[in-house]
Student: 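Provided herewith is a single structure, encoded as structure tokens, for subsequent inquiry.
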Amino acid sequence: QYTIPNSNAPHLGYGGGSGNLFFSSSQGNDYIMAFKTEYKDENFEKIAGRPQPFREYSQEDLESLADSILKHGIITPIVVRPFGIDQYQILAGRNRTRASKICGLTEIPGIVRKDIDDVQAALIMIDTNIEQRQSLTYSEKAYAYRMRLELIGQQGKRNDLSGSEKTDSLAEVGKGNKESRRTVAYLIRLTYLLPGLLKLVDDGKIAFKAGVEISYLSQQTQEYILNKIIPSGVKIKAGQVSDLRKMEKYETLSQDIIQRVFQEQKPITPSFTISGSKLQEYADLLNNKEEIERLFLEFLEKYHCQQRSA
């Protein structure tokens with residue numbers, strides 16, 4: 001394995017064709033012609049059983065990254081593994097590689113990882129994206145953590161959905177990314193949302209905690225919330241969804257009840273202001289708030305009785 005401790009570190013440089021690159025070790029100045037290949041999305045999906053969760057960089061994103069590289073250089077080396085004869089597969093840094101081409105660079109710092117199997121390659125791809133992307137959506141992090149948990153299971157470690165081993169696995173997933181076990185668990189719950197609901201969480205139209213609560217509801221109930229409740233303009237609250245969960249558990253939930261739960265509003269306490277000039281005649285009472293309240297309520301009660309007897 002090569003490392004990148006200083007400017008003498010290995011560099012991967014582009015050779016004759018668009019896909020060729022040079023590799024030089026820190027022990028010498030000789031470049032070896034090699035061929036680079038990206039770790040493609042289909043490689044990941046084959047191993048993880050799901051599409052890779054991260055948003056594809058747009059051309060605008062790549063050009064912005066290229067501008068940063070021109071100003072500051074490539075701070076974090078890409079990670080590659082030997083792949084076939086005289087080939088290296090990019091496990092982390094394909095966007096940096098693409099952006100460096102836009103810059104016209106001919107070399108890029110890289111770390112060669114040997115003895116990396118396919119599961120480890122997928123884990124490297126997930127971990128580096130979580131670490132280096134600045135603004136991941138809830139859905140990107142949710143599926144990244146879930147896939148990481150599942151890949152750990154493929155390595156022979158238990159990641160049961162119940163029991164103490166689950167705690168260890170969740171803690172391991174979050175530890176490297178400075179996330180608490182609870183946060184990781186909440187994020188993974190979001191993967192059980194319908195895609196339309198998950199997008200609303202990403203867009204900030206459903207609060208994160210409310211989204212977590214909705215994820216426990218059946219698909220049928222989620223569909224009703226998505227298609228009937230949200231279009232009506234109702235703001236979804238976690239407490240309301242918690243009530244639905246309890247009713248669904250005891251099979252007492254219906255569409256009518258769902259409507260009523262979200263239509264319930266806290267009673268509005270009426271308030272009013274009386275002009276000070278109108279109270280001047282009663283100035284001697286104004287300093288006694290309790291007496292004013294008593295007199296006012298006494299008046300309301302008498303007035304109410306008069307109205308009923310009229």
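Below, each value reflects all heavy atoms present in this structure, side chains not excepted, and no hydrogens, waters or symmetry copies.
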Student: Between Y192 and R189, is there a cation-pi geometry (under 6.0 Å to ring centre, at most 45° from the normal)?
Tutor: yes
Student: Looking only at heavy atoms, which two atoms of M125 and T128 are closest? And how far apart?
Tutor: O-OG1, 3.3 Å
Student: Between E56 and R94, is there a side-chain N and carboxylate O pair less than 4.0 Å apart?
Tutor: yes
Student: Using only atom types and a distance under 3.5 Å, with no angle test, would you say the side chain of T191 pairs donor to acceptor with the backbone of A142?
Tutor: no
Student: Kindly give the heavy-atom pair with the smallest separation between A144 and I130, and that separation in Å.
Tutor: CB-CD1, 3.8 Å
Student: Give, for atom CD1 of I124 and atom CG of N129, the distance between the pair rounded to the nearest 0.5 Å.
Tutor: 12.0 Å
Student: For residues Y143 and P53, report the shortest heavy-atom separation together with the two atoms involved.
Tutor: CB-CB, 3.7 Å
Student: For D115, does the CG atom have more than 12 heavy-atom neighbours from other residues, nucleotides or ligands under 6.0 Å away?
Tutor: no
Student: When you measure from the side chain of D202 to the backbone N and O of K199, does any donor-acceptor pair fall under 3.5 Å?
Tutor: no
Student: Are K228 and Q255 packed together at the side-chain level, in the sense that at least one heavy-atom pair is separated by less than 4.5 angstrom?
Tutor: no
Student: Could you grab the distance from atom CD of Q240 to atom CD1 of I225, nearest 0.5 Å is fine?
Tutor: 9.5 Å
Student: Is there side-chain contact between L190 and F208, with at least one heavy-atom pair below 4.5 Å?
Tutor: yes
Student: CD1/I229 to CD1/I258 distance, rounded to the nearest 0.5 angstrom?
Tutor: 6.5 Å
Student: Can you tell me how far NZ of K141 sits from CD1 of I188, rounded to the nearest 0.5 angstrom?
Tutor: 12.0 Å
Student: Does a salt bridge link R81 with D118, judged by any charged N lying under 4.0 Å from a carboxylate O?
Tutor: yes
Student: If we ignore hydrogens and angles and just use 3.5 Å, is the side chain of E248 paired with the main-chain N or O of S218 as donor and acceptor?
Tutor: yes
Student: Starting at CZ of R98, measure out to CD of Q59 and round the result to the nearest 0.5 Å.
Tutor: 10.0 Å
Student: May I have all residue pairs that pass ring-ring contact (aromatic ring centres under 6.0 Å, His included) and include part of residues 47-67, sequence neighbours excluded?
Tutor: none
Student: For the residue pair Q222 and S215, what are the closest heavy atoms and their distance?
Tutor: NE2-O, 3.8 Å
Student: Assess, by modelled atom type and distance only, whether the side chains of D61 and S58 contain a donor and an acceptor separated by less than 3.5 Å.
Tutor: yes
Student: So, for I257 and L253, which heavy atoms are closest and what is the spacing to 0.1 Å?
Tutor: CG2-CD1, 3.9 Å
Student: Do the side chains of M247 and V261 get nearer than 4.5 Å, heavy atoms only?
Tutor: yes
Student: Run the side chain to side chain contact (heavy atoms under 4.5 Å, CB included) test against E223 and tell me which residues pass, sequence neighbours left out.
Tutor: L194, Q219, N227
Student: Give a yes or no answer on whether the side chain of D117 reaches the backbone of V119 with a donor-acceptor pair at less than 3.5 Å.
Tutor: yes
Student: Short question: side chain of R96, backbone of I69 - any donor-acceptor pair under 3.5 Å?
Tutor: no
Student: With a 3.5 Å distance limit and no angle check, can you tell me whether E213 reaches the backbone of G239 through a side-chain donor-acceptor pair?
Tutor: no
Student: Atom CG in L62, atom CD1 in I102: separation rounded to 0.5 Å?
Tutor: 5.0 Å
Student: With a 4.5 Å cut-off on side-chain heavy atoms, are R133 and R55 touching?
Tutor: yes
Student: Going by side-chain contact (heavy atoms from CB on, under 4.5 Å), V201 matches just one of I214, V212, I206. Which one?
Tutor: I206
Student: In the structure I gave you, are the side-chain heavy atoms of Y216 and V241 within less than 4.5 Å of one another anywhere?
Tutor: no
Student: Does anything in residues 66-75 pair up under side chain to side chain donor-acceptor pair (under 3.5 Å), and if so which pairs, sequence neighbours excluded?
Tutor: none
Student: Any non-hydrogen side-chain atom of L193 less than 4.5 Å from a side-chain atom of Y138?
Tutor: no
Student: What's the shortest heavy-atom distance between L70 and C103, and which atoms?
Tutor: CG-SG, 3.7 Å
